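Comments concern the structure below.
Within every chain, numbering begins at 1; the chains are lettered A, B, ... in the order of the sequence lines, protein sequences first and strands thereafter. What you are looking at is a predicted structure, and each value in this text was computed from that prediction instead of being measured.
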Amino acid sequence: MLLPVEKVLTSYSLVTAFAIVGVTMWISYTLSERVTQGRVHGSAIAILIGLILAYFGGLLTAGKQGIADVPMLSGMGLMGGAMLRDLAIVATAFGVRMEELREGGLMGVLSLFTGIFVSFAMGGAVAYAFGYRDAVSITTIGGGAATYIVGPVTGAGLGASSEVVALSVAAGLVKAILVMTLTPFLAKFMGLNNPRAAMIFGGLMGTNSGVMAGLAATDPKLVPYGAMTATFYTGLGCLLGPSFVFLIVKLIVPA
Amino acid sequence: MIAILGITEKNDFFASMTIYGTAILSLSLLIGLSAGRLLGALLGVDADIGGVGIAMILLIFSTDYMKRTGRLKISTESGISFWGTIYVPVVVAMSASQNVRGALSGGVMASLAGALGVAVCFGLVALFVRLGRGKEKEGS
């Protein structure tokens, strides 16, 4: 009985994903309006539901792609993958005024470098506190605290152990999820309500998925500005991590 | 007004199609990502540096140029703006395909390494946002 349905859902997985995400959005916006009286943004609830689904997907399949590892729901991976995500995010820039980007530009660049160094420093300090004494491991885990791409790229460049690389990926994932979930609640505290603030936020946080989802849950109008700076973060982190940051760590922790 | 009049004067036979907008968007993204990769390669890293940002600037400039010359028709526009409006659902799908289990299985150290940086950066955003405002006031 169920088999034909399953077959359709699996072979038309992207269409399945559109339907499921649509229903999730509807549930989330209804909850936002009825239960929280609009205090919690509908997209924030939708993103939370997405993360919970991802957790159960991971438990069910032991895969790395959350709910998208369930064959019927593999379209979620395509819909939320880099290709459509980047297409959609560039489209949000349509209608953005160049002046606003220029105004936030300098603070954006400053935020980028500060964000990268602070993340490396914090991640590295935690690694040190937990008993890591070699510069390679400290830098790699610090890179993970930047983003879950910077960590493994730095680790690969420096020849870190696979255990340390796995830890750095986990640190980066924790960061992304924290930024996704906490941003809408801390938006007021941060003054995150204008394009310039969004550019600062994107530069300091840097984690693409975290920034994009965090801003979407706060105010979708801010998305292009945060994305503009965050898009430079991972690349710069991969550039600075195995070179400049590693040399500094080596000076502090001679091993 | 002049721009609107300009549109009607021109031959609309093939001037307006939704796919034109989507194609402009796609080209911006492809060129931007290639430029980002090139920038990465020039700096010696196997990563994309600012590809999406470059693509956004390309899209802003190209659509602005088309608007000024009256080439940006409504259906062309809708081929771009549709993808912008689908952004939040795409992000929901993205969050549903995150490796949440992996994040939670990293243990105390990984969680702390991630969380501490985030906490400090949240504070820094608040600080930087206010710093920027202070300067603006001094300047004016």
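- The choice from B:V90, B:L58, B:V120, B:L30 that makes the most heavy-atom pairs within less than 4.5 Å of chain A is B:V90.
- The shortest non-hydrogen separation linking B:V100 to A:A54 is CG2-CB, 3.6 Å.
- B:F82 does not touch chain A: none of its heavy atoms, backbone or side chain, sits under 4.5 Å away.
- Other residues, nucleotides and ligands contribute more than 12 heavy atoms inside 6.0 Å of the CZ atom of A:F117.
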### Task
Determine, step by step, whether B:L112 and A:F130 satisfy the side-chain contact (heavy atoms from CB on, under 4.5 Å) criterion, reporting the C-alpha distance in whole Å, the side-chain angles of both residues, the deciding distance to 0.1 Å, and the verdict.
CA-CA 10 Å; B:L112 213 60; A:F130 275 77; 3.9 Å; yes
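- How far CD of B:Q98 is from CE of A:M76: 11.5 Å, rounded to the nearest 0.5 Å.
- The candidate from B:G107, B:G21, B:A110 with the greatest count of non-hydrogen atom pairs under 4.5 Å with chain A is B:A110.
- When A:L59, A:L51, A:T92 are compared by the number of non-hydrogen pairs under 4.5 Å with chain B, A:L51 comes out ahead.
- Between chain B and the residues A:V169, A:T114, A:L236, A:V153, the most heavy-atom pairs under 4.5 angstrom are made by A:T114.
- For B:V52, the parts sitting under 4.5 Å from any heavy atom of chain A are the backbone and the side chain alike.
- The salt bridge (charged side-chain N to carboxylate O under 4.0 Å, His left out) check on B:R37 picks up B:D46, with sequence neighbours excluded.
- Chain B forms the most heavy-atom pairs under 4.5 Å with one residue out of A:G77, A:S43, A:S209, A:P220, and that residue is A:S209.
- B:R130 approaches A:M190 most closely through the heavy-atom pair NH1-O, 3.7 Å.
- Here the straight-line distance linking atom CG of B:D48 with atom OG1 of A:T234 works out to 9.0 Å at 0.5 Å rounding.
- Per-residue counts of heavy-atom pairs under 4.5 Å with chain B were compared for A:L48, A:I67, A:I49; the largest is that of A:I67.
- The residue among B:V91, B:L116, B:T22 with the most heavy atom pairs within less than 4.5 Å of chain A is B:L116.
- For the pair A:K175 and B:G114, the tightest heavy-atom approach, listed with the atom from each and the gap, is CB-O, 4.2 Å.
- Both the backbone and the side chain of A:A46 come within contact range of chain B, with heavy atoms under 4.5 Å apart.
- Distance OG/A:S111 to CG/B:L131: 10.0 Å, rounded to 0.5 Å.
- Among B:G102, B:G36, B:A126, the residue with the largest count of heavy-atom pairs under 4.5 Å with chain A is B:A126.
- Counting heavy atoms of neighbouring residues, nucleotides and ligands inside a 6.0 Å radius, atom OH of A:Y128 does not exceed 12 of them.
- For the options B:L33, B:L39, B:L43, heavy-atom pairs under 4.5 Å to chain A are most numerous at B:L43.
- Only the side chain of A:Y148 comes within contact range of chain B, judged by heavy atoms closer than 4.5 Å.
- With a threshold of 4.5 angstrom between heavy atoms, A:Y132 approaches chain B through side-chain atoms but not through N, CA, C or O.
- The environment of CZ in A:F94 is crowded: more than 12 heavy-atom neighbours from other residues, nucleotides or ligands sit within 6.0 Å.
- The minimum heavy-atom distance linking A:V126 with B:A113 is given by the pair CG1-N, 3.8 Å.
- Rounding to the nearest 0.5 angstrom, the gap separating the CD1 atom in B:I86 from the CE atom in A:M79 is 5.5 Å.
- With a 4.5 angstrom heavy-atom cutoff, A:A230 does not touch chain B via any of its atoms.
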### Stepwise side-chain contact (heavy atoms from CB on, under 4.5 Å) test for B:V129 and A:L192
CA-CA 8 Å; B:V129 168; A:L192 187 58; over 6 Å; no
### Chi angles and distances behind the side-chain contact (heavy atoms from CB on, under 4.5 Å) call for B:V125, A:L186
CA-CA 10 Å; B:V125 174; A:L186 293 171; over 6 Å; no
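- Chain A forms the most heavy-atom pairs under 4.5 Å with one residue out of B:L104, B:V92, B:I24, and that residue is B:V92.
- For B:S111, the parts lying under 4.5 angstrom from a heavy atom of chain A are both the backbone and the side chain.
- Interface remark: A:V96 contributes backbone and side-chain atoms alike to the contact with chain B (heavy atom separation under 4.5 Å).
- Taking chain B as the reference chain and counting heavy-atom pairs below 4.5 Å, the highest number among A:L167, A:I89, A:I52 is found for A:I89.
- No more than 12 heavy-atom neighbours from other residues, nucleotides or ligands sit within 6.0 angstrom of CD1 on B:I74.
- Between chain B and the options A:V223, A:L73, A:N208, A:T183, the largest number of non-hydrogen pairs under 4.5 Å is found for A:V223.
- Heavy-atom minimum distance, B:S97 versus A:A68: CB-CB, 3.8 Å.
- When side chains are defined from C-beta on, A:M98 counts as touching B:I57, because their heavy atoms get closer than 4.5 Å.
- Contact annotation for A:V21: only side-chain heavy atoms (C-beta onward) come within less than 4.5 Å of a heavy atom of chain B.
- At a threshold of 4.5 Å between non-hydrogen side-chain atoms, the residues A:I141 and B:M109 count as touching.
- When side chains are defined from C-beta on, B:W83 counts as touching A:L84, because their heavy atoms get closer than 4.5 Å.
- For chain A, the nearby parts of B:I80 are the backbone and the side chain; heavy atoms of each come within less than 4.5 Å.
- Atom OG of B:S28 is separated from atom CG of A:L87 by 9.5 Å, given to the nearest 0.5 angstrom.
- A donor-acceptor distance shorter than 3.5 angstrom exists from the side chain of B:Y87 to the backbone of A:M212, with no hydrogens or angles considered.
- Here CZ of B:F122 is found 10.5 Å from CG of A:L204. Values are rounded to the nearest 0.5 Å.
- Minimum heavy-atom separation, A:M180 to B:S95: SD-CB, 4.2 Å.
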